[in-house]
**Student:** 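Let me give you the structure first, and then I'll get to my questions.
Lettering follows sequence order; numbering is per chain, from 1.
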Amino acid sequence: MAKAFGEVLLEFAREDPRICGVSCDCWGFLIPLHNEFPERAIEIGIAEQNLIGIAAGLAVRGKTPFAIGMNPFVTMRCFEQIRTDLGYGCRNVKVIGGYGSGVMYAGWGCTHHAMEEIGLMRLIPTMTVVMPADGFETEHAIRAAAATEGPFYIALAGGLLPIDTPEGERTFRLGEASVLREGDDVTVMGTGAATIEALRAGELLAERGIAARVLSMHTVKPIDREAVLAAARTRLIVTIEEHTVIGGLGSAVAEVLAEVGAGTPLRRLGLQDVFACMVGGYEDLKRRFGITAEAIVEAVMGSA
Amino acid sequence: MMASNDDLTAALQEYARRIRVNVVRIAGMSDCHTGGSLSIADLLAALYFHILKVDPQNPSWDGRDYFILSKGHCVPALSSALAMRGFFSEDELVRHLELDSLVSGHACARVTPGIDVSTGSLGHGLSISVGTALGVRMDGAANRVFVLLGDGELQEGSNWEAAMAAAHHRLDNLIAIVDRNMYQTGPTEQMMALEPLAEKWMAFGWSVRVIDGHDMPQIVEVLEAVPFEPGKPSAIVAQTVKGQGVSLSRHHHMDRFNAEQMQAALAELGEAEG
C-alpha cells in the first residue's frame with residue numbers, strides 16, 4: 001500500500017508543485033516522491049503533534065502537505081493540533097492514516113486499533129473524512145483531496161481487501177456513496193476496510209432471495225444524505241464499520257434518518273462500545289465482534 | 001553612526017512604550033493578559049518597527065517575514081504592534097473582545113489583519129514555524145520565520161519535538177524567541193523548572209543567545225545577528241519581567257483595571273491624562 005500510495009502521490013506532485021509529503025516514521029510512503037523531488041519529502045520522526053504542526057506551517061507557506069502517520073496515533077495523539085491548527089486554522093492539509101485503519105492490527109493490541117478515527121475527525125468543522133474501501137477508491141480519494149481546498153482525513157484501508165468488482169463499473173465521486181450492488185429490499189452500507197463484508201453480505205443475501213443494495217460510504221463526512229434517504233425507502237439499513245458504533249458511520253447515518261423522521265430500522269455493526277481486546281488474527285477479531293458478512297446476514301434475517 | 005543607533009533605540013523604546021499604553025487601555029476595557037503582554041512589548045517593538053519585512057497594505061505578501069505568536073494569549077501586545085504598524089486602525093484596540101471587533105482574546109488569523117497563525121493553545125507555534133520555514137526553503141526563498149514562545153509554554157512536550165526537527169532539518173531561517181519572564185500562573189521554576197534553559201536549546205542543536213529582553217540595544221543587536229550560525233536554527237532566551245513597565249501588573253497573568261488603576265498605569269508609562 002505504501003508503494004501504491006507513494007506512486008499516486010508522486011503522480012499528483014508532478015502536476016501540482018504545492019504538493020509535498022511529511023512522514024511520521026512512515027517514510028516508505030514518500031520514497032517515490034523523495035526520489036524525484038527530494039526537497040518535497042520530509043521525515044519528522046515519531047512525533048504526531050509535530051507532524052501536524054509542521055504540515056500546518058507548510059500550508060501557511062501555501063503548500064499542500066500530505067501528512068502521514070499510523071491511523072490510531074495520527075488521529076488521537078495530535079487531535080488538538082488537527083482540530084486547532086488544521087480545522088480552526090483553515091489549512092489545506094491532508095492527514096493520511098497510512099497504517100492500521102480500523103482493527104486491522106487485531107491481536108497486536110487495542111493500542112493499535114483506530115476505532116475512534118471517524119468519530120474524532122468527523123467532529124472537526126470543515127474536515128472531510130474519507131474511508132476508501134480499496135485501492136481504487138484510495139487513488140480517487142487522494143485525487144479529490146489534492147483538488148479540494150481544506151483539511152482532509154483519509155484512512156488507507158491497507159489494500160489488503162481488494163473488492164472484486166470490475167474496474168470499468170466503479171465510480172468515485174467525493175461525497176457520494178458508490179453503489180457496489182443494486183437492490184431494493186434492504187441497504188447495507190460499509191466504509192473503509194469493512195466494505196468488503198458489506199459486499200460479501202450482498203451475495204449471501206441474494207442466495208436467500210433478498211436483494212440488498214450495497215453502498216461504499218467512502219465519504220463519511222460530508223455524509224451522502226440522498227443515499228441515506230434512498231436507503232430509508234428499503235425496509236432495513238445495516239451499517240458496518242471497523243469502528244466503535246458511537247460516532248462513526250452508523251451514527252452519521254442515524255443522524256440523517258432521525259432528522260428527516262424516517263422510521264426505517266437501522267442496525268449498526270461495529271464495536272459495541274467495547275475495546276476489542278483479544279489475542280488472535282484479524283478475521284478472528286471480526287468474527288468475535290460481529291464485523292462480518294455473516295453478522296450482516298443475521299441482522300437482516302433477524303429483522304424480517 | 002552612534003547617533004543613528006541612539007535614534008533607533010529611542011524610537012523603538014517609544015514604540016514599546018506605546019504598545020504598553022495600548023495594553024493598559026485594553027485592560028481598562030476588558031480582561032487582558034497584561035503580564036505576558038507587557039513582558040514582550042520591547043521585543044515586538046524591535047520586530048515590527050525594525051526587523052520584520054512586512055507590508056501592512058498587503059499582509060499576505062509572499063516576501064514577508066513570518067511572525068508567529070505561540071503564546072497566543074498575549075495578543076493584546078501583538079494587536080497593538082500591528083495597529084501601530086498600520087495593519088488596522090489603533091481605534092480598534094479598545095474594542096478588545098467586543099462583537100465583531102478585529103481584536104480577539106487569543107491570536108486569531110481569521111479576525112486580525114497581520115496575524116498568520118491562530119494560537120492560544122500552548123505548544124503549537126514552534127511546530128508551525130518549523131513547517132513554515134521548511135516551506136520557505138522548498139521555494140528557495142529568503143523569508144525568515146520568527147516565533148515568540150512563553151517560558152511556561154515550554155513545558156508542553158510538542159515544543160521539544162519541534163526543536164529536534166528544526167535542528168535536524170538545519171533550519172537557519174527559523175528564529176525562536178523565548179519570553180523568559182519566569183511566571184505562568186505562578187513562579188515557573190517552582191511549578192516545573194526549565195533551567196538550565198539555554199543549555200537545553202543548545203543540546204537540541206540550536207545556536208543560542210541569552211539577552212535582557214528589555215534592553216533595546218541588546219534586542220536589536222541580537223535580532224540583527226540572526227542566523228547566529230549557518231545551518232542551525234537560532235534561539236534567543238530573552239530575560240524579561242512579567243508586567244514590565246506597570247507595577248500593578250507585576251507578575252500578574254491577567255488584569256482588569258478600573259479607571260483609577262488605568263490612570264495610575266498610564267501615568268507610570270508617562271502617558272498624559274486621557
**Student:** Quick one: what part of B:Asn143 sits under 4.5 Å from any heavy atom of chain A, side chain, backbone, both or neither?
**Tutor:** side chain
**Student:** Out of B:Ser158, B:Gly120, B:Gly135, return the one with the most heavy atom pairs under 4.5 angstrom to chain A.
**Tutor:** B:Gly135
**Student:** Which bit of A:Glu80 comes within less than 4.5 Å of chain B, counting heavy atoms only: side chain, backbone, both or neither?
**Tutor:**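 Interface part for A:Glu80: both.
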**Student:** According to the interplanar angle, ranging from 0 to 90°, do the rings of A:Tyr99 and A:Phe29 count as parallel (below 30°), tilted (30 to 60°) or perpendicular (above 60°)?
**Tutor:**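 Perpendicular: the ring planes of A:Tyr99 and A:Phe29 meet at over 60°.
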**Student:** Going by the rule side-chain contact (heavy atoms from CB on, under 4.5 Å), which residues pair with B:Asp172 if we only count those two or more places apart in sequence or in a different chain?
**Tutor:**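 Partners of B:Asp172 under the side-chain contact (heavy atoms from CB on, under 4.5 Å) test: B:Pro227, B:Pro230.
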**Student:** Which bit of A:Cys20 is near chain B, if near means a heavy-atom gap under 4.5 Å: side chain, backbone, both or neither?
**Tutor:**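 When you check distances to chain B, only side chain atoms of A:Cys20 fall under 4.5 Å.
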**Student:** Is it the backbone or the side chain of B:Arg110 that comes under 4.5 Å from a heavy atom of chain A, or both, or neither?
**Tutor:** side chain
**Student:** Identify all side-chain donor-acceptor contacts of residues 102-109 of chain A below 3.5 Å with residues at least two apart in sequence or on another chain.
**Tutor:**
none

**Student:** Which region of B:Ala141, side chain (C-beta onward) or backbone (N, CA, C, O), has a non-hydrogen atom less than 4.5 Å from a non-hydrogen atom of chain A, or is it both or neither?
**Tutor:** side chain
**Student:** For A:Phe12, is the NZ or CZ atom of A:Arg143 found under 6.0 angstrom from the centre of its six-membered ring and inside 45 degrees of the ring axis?
**Tutor:**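 No, cation not above the ring by the 6.0 Å, 45° rule.
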**Student:** Compute the centroid of each ring, for B:His253 and then for B:His73, and state whether the two points are separated by less than 6.0 Å.
**Tutor:** yes
